[in-house]
Amino acid sequence: MKKVLAFVMLVGMFSSVYGSTYECWRYVGGKPQGYVKVSASSNSEAKNKAAVKFEDIGKKVEYIKCK
């Protein structure tokens with residue numbers, strides 16, 4: 001029983017650290033041009049992580065929408 005409880009607590013701890021998965025689209029000229037998936041605890045954090053990913057792969061971004 002203690003092992004099961006420890007496992008449940010461990011899984012809960014990791015899910016709170018990683019947050020949710022967001023799909024973030026880059027927009028150029030008002031049109032979506034591709035997306036990346038990121039793990040973040042908030043929408044604003046997801047946008048920041050997506051911006052870094054798009055920059056790393058050399059993609060132009062006017063703005064980002066995440067959901």
Side-chain angles (χ1 to χ4, degrees):
M1 181 66 177
K2 287 182 182 180
K3 288 182 182 181
V4 172
L5 182 59
F7 178 75
V8 169
M9 290 177 64
L10 185 63
V11 168
M13 182 177 69
F14 280 117
S15 58
S16 67
V17 169
Y18 290 111
S20 301
T21 300
Y22 288 83
E23 186 176 280
C24 299
W25 287 82
R26 70 183 178 97
Y27 284 75
V28 179
K31 297 179 182 177
Q33 300 294 315
Y35 72 95
V36 294
K37 289 187 178 184
V38 296
S39 293
S41 58
S42 68
N43 194 282
S44 61
E45 181 183 2
K47 286 180 182 179
N48 289 335
K49 287 184 172 186
V52 169
K53 279 191 170 188
F54 286 128
E55 182 180 319
D56 287 347
I57 59 176
K59 298 295 183 180
K60 181 179 178 182
V61 176
E62 289 179 357
Y63 63 95
I64 297 172
K65 286 186 181 179
C66 297
K67 58 179 180 175

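Taking the side-chain contact (heavy atoms from CB on, under 4.5 Å) definition, one finds that Val28 meets it with Arg26, Gln33, Lys60, Glu62, sequence neighbours left out.
Taking the side chain as every heavy atom from C-beta outward, Phe54 and Val36 approach each other to under 4.5 Å.
Relative to the six-membered ring of Tyr27, Lys65 meets both conditions, a distance below 6.0 Å and an angle of at most 45° to the axis.
The shortest heavy-atom contact between Cys24 and Val38 is SG-CG2, 3.9 Å. Scanning both residues, Ala40 and Ala46, for their nearest heavy atoms gives CB-N, 3.5 Å.
Distance alone, capped at 3.5 Å, places no donor-acceptor pair between the Lys49 side chain and the Lys37 backbone. Judged purely by atom type and a 3.5 angstrom limit, Glu45 uses its side chain to pair as donor or acceptor with the backbone of Ser41. For the pair Asn43 (side chain) and Lys67 (backbone), a donor-acceptor distance under 3.5 Å is absent.
Interatomic distance, OH of Tyr22 versus OG of Ser39, reported as 10.0 Å (0.5 Å rounding).
Hydrophobic clustering keeps Trp25 apart from Ile57 (ILVMFWY residues linked when any side-chain heavy atoms are closer than 4.5 Å, directly or through intermediates).
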